[in-house]
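Comments concern the structure below.
Note that ligands are numbered from 1 as they come in the structure, with each ligand's atoms numbered from 1 the same way.
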Amino acid sequence: MAEPHAPPVLATNELTYQDYLRIPELLELQTPRADPPAHDELLFIIIHQAFELWFKQLLHEMESAIRAMDVDRVLRAQHHLARVGKIMRLLVQQIGIIETMATAEFLLFRDRLNPASGFQSIQFREIESLAGLKDPQYLEVFKNRPEFRDILERRMGQRDLNQAFQDLLLRSLAQDGEGLQEALVRLYEHPDGNLRMYLLSEAMMDFDEALAQWRHTHVLMVERVIGFRRGTGGSAGVRYLETTLSKRCFPYLWEVRTHLQKRGS
Ligand code: HEM
C-alpha cells in the first residue's frame, strides 16, 4: 500500500485534470497588447473572461429554469434560479477586484483595447433577453457584424423567464377572471397558500435584485476608475450607465409590495 502522504503518480495514459478541463488551452487565451507591458492588463483580461464564463453558466441555468416552469416543475425551476442568484451575487463581488486598478495603470493600456467594451458583450445581452429585457436597440450595435447579431436575434425570439413565469403563475394560481396583479397579491399576502410558487417568485426577485446591484456596483467602479470620460464602446460612459440603473426584469414583482395589506396568516 502507498504511504498515505505519498502523492499518487499519474499513469501515462490516464485522463488528467489538465486534459479534462483543457487547462493548457485555457491559459493560452490571455494576450495582453500593451507595449511596453502594463502590469494590470492581465487582470483586466482575466476578469472579463471570468465574467464571460459565468455568463455562459447563467444562460445554461436560465434555460433550464424556463423549461422547468413550462412543465410545472416549480421547485426544479426554483433550484436553477437560486443558483443564478448566487452567481449574480458573486459577479457583484468580482467588481471589487478590478476596482483595485489605479486610473493611471488603466490609462497605460486603455487605448489598446479601444473601441472594444463590455457594452458589446453578447452574452450579457443574451442574459437580459432571457430575463425578458429585449431591447432591439442593442441589435443595432451589431448591424455590421451579422455573426453576433444573429446570436442575439435568435435569443430575442426565444421564450424568456418573464413569459414562462407569468404563464405558470396564471395557470397555477389565478382564480376566475383574476389577472397577474391580483394573483400575485394573494400569493404575497398568503405565501403558505402556495409556498412553492412563493419561493420561486422570491428566487426571481433575488436574481433581479442582484442584477440591479451589479449595475450599481459597475457604474460606481467605472466612475472611480475613469471618471466621466466617454466609454471605449462610444457611449457617454457613466452618464449612459446611469440610465440603465432603473431597469428591472420583473417589475410586477417589485410593484406588488406596494399593494399588500396586513392580513392574518
Ligand atoms: C476598468 C474596468 C471597467 C471600465 C472602466 C468599464 C467601463 C464601462 C463603460 C464606460 C461602459 C459604457 C459603454 C461604453 O461606452 O463603453 C461599460 C459598459 C458595460 N460594461 Fe464595463 N467597464 C469595466 C469593467 C467591466 C467588467 C469587468 C465587466 C464584466 C463583464 C463589464 C461589463 C460591462 C457591460 C455588460 C456593459 C454594458 C452595460 C449596459 O449597457 O447596460 N465591465 N463599461
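Side-chain N or O atoms of E223 include none that pairs as donor or acceptor with a backbone N or O of F228 at under 3.5 Å. Panel note: side chain Q120, backbone P115; a donor-acceptor pair is recorded below 3.5 Å. A donor-acceptor pair is defined here as one N or O able to donate and one able to accept, closer than 3.5 Å; no such pair exists between the side chain of D167 and the backbone of D70. At least one donor-acceptor pair under 3.5 Å links the side chain of Q30 to the backbone N or O of L26.
Atoms of ligand 1 found under 4.0 Å from any heavy atom of F44, numbered from 1 in the order shown, are 1 (C), 2 (C). Every atom of ligand 1 with a heavy atom of R215 under 4.0 Å away is listed here by number and element: 41 (O). Listed by atom number, the atoms of ligand 1 under 4.0 Å from F106 heavy atoms are 5 (C). Near T244, meaning under 4.0 Å from one of its heavy atoms, ligand 1 places the atoms 41 (O). Taking every non-hydrogen atom of G233 and a distance limit under 4.0 Å, the qualifying atoms of ligand 1 come out as 14 (C), 15 (O), 16 (O).
Remark: among candidates W54, F55, F51, the nearest residue to atom 29 (C) of ligand 1 is F51, based on non-hydrogen atoms. Of the candidates A50, S235, G237, it is S235 that places a heavy atom closest to atom 14 (C) of ligand 1.
The protein non-hydrogen atom at the shortest distance from atom 1 (C) of ligand 1 is M101 CE, 3.4 Å. Nearest protein heavy-atom contact of atom 25 (C) of ligand 1 is H48 NE2, 3.3 Å. In this structure, atom 40 (O) of ligand 1 lies nearest to the protein heavy atom Y240 OH, 2.4 Å. The single protein non-hydrogen atom nearest to atom 23 (C) of ligand 1 is M221 CE, 3.6 Å, given as residue, atom name and distance.
By the 30° and 60° cut-offs, the orientation of the rings of F51 relative to W214 is perpendicular. Ring orientation note: the planes of Y138 and F119 are nearly perpendicular, at an angle over 60° on the 30°/60° scale.
A distance of 8.5 Å separates CG of L184 from CD of Q166, quoted to the nearest 0.5 Å. In this structure, NE2 on H259 lies 4.5 Å from CD on Q181, to the nearest 0.5 angstrom.
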Assess whether ring pair (Phe, Tyr, Trp, His ring centres under 6.0 Å) is satisfied between Y198 and Y188, documenting all intermediate values.
CA-CA 7 Å; Y198 174 78; Y188 272 85; 5.3 Å; yes
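A210 and M88 make their closest contact through CB-CB, 3.5 Å (heavy atoms, listed as atom of the first residue, atom of the second, distance). Scanning all heavy atoms of the two residues, the minimum distance from M62 to V84 falls at CG-CG2, 4.0 Å.
The 12-atom threshold is not exceeded at CD of E28, counting heavy atoms of other residues, nucleotides or ligands nearer than 6.0 Å.
Tally of protein N, O or S atoms closer to atom 21 (Fe) of ligand 1 than 2.8 Å: 1.
Look at W214 and you'll find a heavy atom under 4.0 Å from some atom of ligand 1.
A heavy-atom distance below 4.5 Å is found between the side chains of M69 and L81.
In terms of polar-atom proximity, defined here as any N/O pair under 3.5 Å, R125 does make such a contact with ligand 1.
Using a 4.0 Å cut-off between heavy atoms, E52 makes no contact with ligand 1 at all.
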